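A quick write-up on the structure given underneath.
Values reported hereafter were calculated over all heavy atoms of this structure, with side chains retained and with hydrogens, waters and symmetry mates removed. Please read all numbers here as calculations on a predicted model, not as lab measurements. Residue numbering restarts at 1 for every chain, and letters A, B, ... go by the order of the sequence lines.
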Amino acid sequence: MATDLGTDVAAASDWPDPEELVAGEDNVAYALARRLLQPAGVMEEIGETETYDCIDVRDWLATRTSGTGSQELSDLEAQATQVLLSDPRVASVTASATFDAGRLSLLVEGAGAEGPFKFILSVDQLSAAALQVL
Amino acid sequence: MATPTLDDLLNIPTQQAVLDQEVFPELQLRKVRITDWLIGGVYRTAAYLVSRLYVNSRTVQAAVAAGGFEDWAFGFATPPNGIDVTGWAPLIAKQRYGVPQILATPTKRIFRLTNSLVSGYGPIGAGRITVQTSAAGHRYISDEDITIPGSGTNGGIVDAVFRSEFPFDSAGGYAYNSDPTSDTGLVLVTADFPGVTVTNPPQVPGVNQVGPGLGKITPGGTLTETHTVAVRIAADGNVGAGTWQIQLDNGAWSSATTIGTTTIGGSGGITITPANNGGSPAFKAGTVYYFHTPGTDITVAGRDTETPQELGARCYGLRPALGFVKDPDGNWIPVSPTASAYETLARSASDEVKVCFVQTSPTVNNQVFIYVAGQGTLLPSGVVSLLQAFFDHFTMTTDRVLVAEPAQRTITLGGATVKVKAAQLASAQAALQTAIGAYLGGSDVRSQLSINGLIDRSYIAALIRSTPGVTHVDDGLTINTAAADLQLPVTPDAYELATWSQLVSSAFTWITV
């Protein structure tokens with residue numbers, strides 16, 4: 001029997017208008033993308049008591065004053081991987097970061113209960129985020 | 001919807017209750033198709049956000065409701081559900097009683113500047129000279145224009161008024177009304193005036209004269225001990241002709257004797273020297289002269305911002321004023337106000353009054369004593385006279401008001417062994433210094449210590465035990481060498497104010513763990 005990965009709004013950084021729902025692996029992809037776009041502590045601020053690991057890659061990019069070299073990108077990939085694994089629906093995942101022309105892209109590939117999933121999250125220095133579920 | 005009761009308004013639901021009883025049932029009712037309710041889910045996050053806003057809204061609603069009740073706003077009682085509306089007290093006091101809250105004031109004291117060079121300086125504008133006390137670490141800033149003479153003029157000496165760097169904030173460690181002898185080690189922070197040093201001036205007691213007469217008295221002899229002295233003129237006359245009575249530490253008045261140089265109490269003896277000062281008769285019956293030893297260099301006793309409770313007491317004390325008759329100009333004539341009204345009048349007459357104790361005389365009919373003090377200190381010369389003049393102005397027909405200073409009772413703590421985490425030793429000692437200073441100085445809102453109060457040993461032990469970093473306190477705490485509460489006054493029938501100038505770092509035994 002297939003595992004129910006849930007149905008939720010197709011929102012990564014903003015609420016879609018009109019409201020659009022996603023389910024299955026796509027829903028997981030959106031949920032993981034949100035974990036990469038949330039500053040730490042935001043869930044506690046609204047009263048959540050469960051632990052929620054997250055990182056805001058927009059803040060990460062905005063605070064790179066010493067450049068975005070391979071070491072920094074490698075560190076970001078490690079952080080992102082750790083955050084994404086905290087979603088109970090994710091069995092394995094890898095994150096690959098690239099930086100080009102002021103835009104940071106994260107290619108996320110993983111596997112969950114229903115099979116593999118893949119998406120690309122890209123952000124620019126104006127804090128605009130775009131999600132492409134592959 | 002039924003009209004909510006006060007309990008309904010004051011009841012603030014938990015966020016979980018709002019989620020379970022309001023938000024989730026509403027979503028179910030609307031047949032929302034969302035099935036992902038893991039943390040981070042969009043609808044779940046929105047539900048938490050809505051419930052948080054709901055709780056915040058109910059909190060505001062409860063605060064508005066509670067703020068209308070003055071006992072809660074003034075902190076005399078605590079509303080349910082952890083609502084704290086004491087922040088409304090200043091507004092309520094102003095709007096309903098026309099009473100503004102007394103804000104924190106800086107302490108002003110005199111320091112002596114001595115110039116060793118021939119050439120002088122100045123005039124130096126107010127604010128340009130900063131002095132620091134190495135013992136307490138407090139800084140003071142010149143409060144007036146100062147001209148420092150060269151060493152050939154008056155020994156290069158000038159006494160000038162300085163004000164504390166910040167207004168009084170005893171909770172934050174900014175308490176400036178210390179005994180001058182514990183505020184020594186003065187250094188001049190300002191480096192623009194080579195050859196100038198700063199010291200405490202001699203602590204000469206100031207004499208307050210309440211009543212008419214050109215006659216003066218001058219304290220002398222041993223002025224280093226803690227005493228409060230009052231001299232009352234019993235019969236008109238000059239030195240050698242009139243008579244006076246003397247009271248030491250609020251004890252019994254002496255029998256009337258001829259006005260002349262007199263030595264009273266203390267191990268070394270305080271000498272009181274009268275002078276006619278051109279008057280005849282110089283001393284008038286009924287006039288009272290007050291002074292306390294040792295003298296002080298404080299000219300204005302700073303104080304904390306008035307607490308909600310103090311402000312509330314002042315407001316409630318105005319209620320008897322509703323019954324006051326008025327003179328043709330519309331001013332009150334408080335024929336015989338209540339004790340609380342006297343306290344309100346005293347506190348309103350001078351911002352420096354932090355401690356006020358009203359007592360009718362046990363022996364003289366119609367006589368009302370109003371004992372006043374500043375925060376952790378007696379009031380400077382002049383304030384008592386000001387208050388007496390203030391009450392005299394009312395010419396109360398049924399009460400004879402006498403404003404007086406309490407005697408000081410030095411408190412010595414010791415005996416306790418305190419275990420503290422090594423990394424927090426300094427911060428714990430600083431916090432405890434502030435906490436005990438606030439309690440014994442009468443500014444601890446949780447336990448107000450007034451004149452003739454009970455010095456609660458268990459409360460001081462609790463202050464020690466609750467200091468961050470302290471892990472253990474033994475049962476050896478002593479107050480004036482006894483392991484028991486200390487009820488003031490120690491001298492029967494006196495009116496005593498606690499005074500404390502120890503450092504907790506040396507008063508107690510500290511063991512780091």
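- Residues A:L36 and A:I55 meet the side-chain proximity criterion, which asks for heavy atoms closer than 4.5 Å.
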Could you show, one pair per line, the donor-acceptor contacts under 3.5 Å between chain A and chain B?
{"residue": "A:T7", "atom": "N", "partner": "B:T35", "partner atom": "OG1", "Å": "2.6"}
{"residue": "A:T7", "atom": "O", "partner": "B:T35", "partner atom": "N", "Å": "3.0"}
{"residue": "A:T7", "atom": "O", "partner": "B:D36", "partner atom": "N", "Å": "3.1"}
{"residue": "A:D8", "atom": "OD2", "partner": "B:V42", "partner atom": "N", "Å": "2.7"}
{"residue": "A:E19", "atom": "OE1", "partner": "B:Y43", "partner atom": "OH", "Å": "3.4"}
{"residue": "A:E19", "atom": "OE2", "partner": "B:Y43", "partner atom": "OH", "Å": "3.2"}
{"residue": "A:N27", "atom": "ND2", "partner": "B:D36", "partner atom": "OD2", "Å": "3.0"}
{"residue": "A:R34", "atom": "NE", "partner": "B:G40", "partner atom": "O", "Å": "3.1"}
{"residue": "A:R34", "atom": "NH2", "partner": "B:G40", "partner atom": "O", "Å": "3.4"}
{"residue": "A:E45", "atom": "O", "partner": "B:R52", "partner atom": "NH1", "Å": "3.1"}
{"residue": "A:I46", "atom": "O", "partner": "B:Q15", "partner atom": "NE2", "Å": "2.7"}
{"residue": "A:E48", "atom": "OE1", "partner": "B:R44", "partner atom": "NH2", "Å": "2.7"}
{"residue": "A:E48", "atom": "OE2", "partner": "B:R44", "partner atom": "NE", "Å": "2.7"}
{"residue": "A:E48", "atom": "OE2", "partner": "B:R44", "partner atom": "NH2", "Å": "3.4"}
{"residue": "A:E50", "atom": "OE2", "partner": "B:R44", "partner atom": "NH2", "Å": "3.2"}
{"residue": "A:R89", "atom": "NH1", "partner": "B:D36", "partner atom": "OD2", "Å": "3.0"}

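- Contact tally against chain A (heavy-atom pairs below 4.5 Å) for B:V32, B:L38, B:L19: the top residue is B:L38.
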Problem - Evaluation steps, side-chain contact (heavy atoms from CB on, under 4.5 Å), between B:V418 and B:L432 - result: CA-CA 11 Å; B:V418 185; B:L432 186 58; 5.5 Å; no

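- When the side-chain contact (heavy atoms from CB on, under 4.5 Å) test is applied to B:A73, the partners found at least two apart in sequence or on another chain are B:I92.
- In this structure, the side chain of A:E77 engages the main chain of A:A97 through a donor-acceptor pair within 3.5 Å.
- At a cut-off of 3.5 Å, with distance as the only test, a side-chain donor of A:Q71 or A:D75 sits close to an acceptor on the other residue.
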Practice task
Might you work through the side-chain contact (heavy atoms from CB on, under 4.5 Å) test for A:I120 and A:V108, ending with a clear yes or no?
Solution key: CA-CA 6 Å; A:I120 297 173; A:V108 176; over 6 Å; no

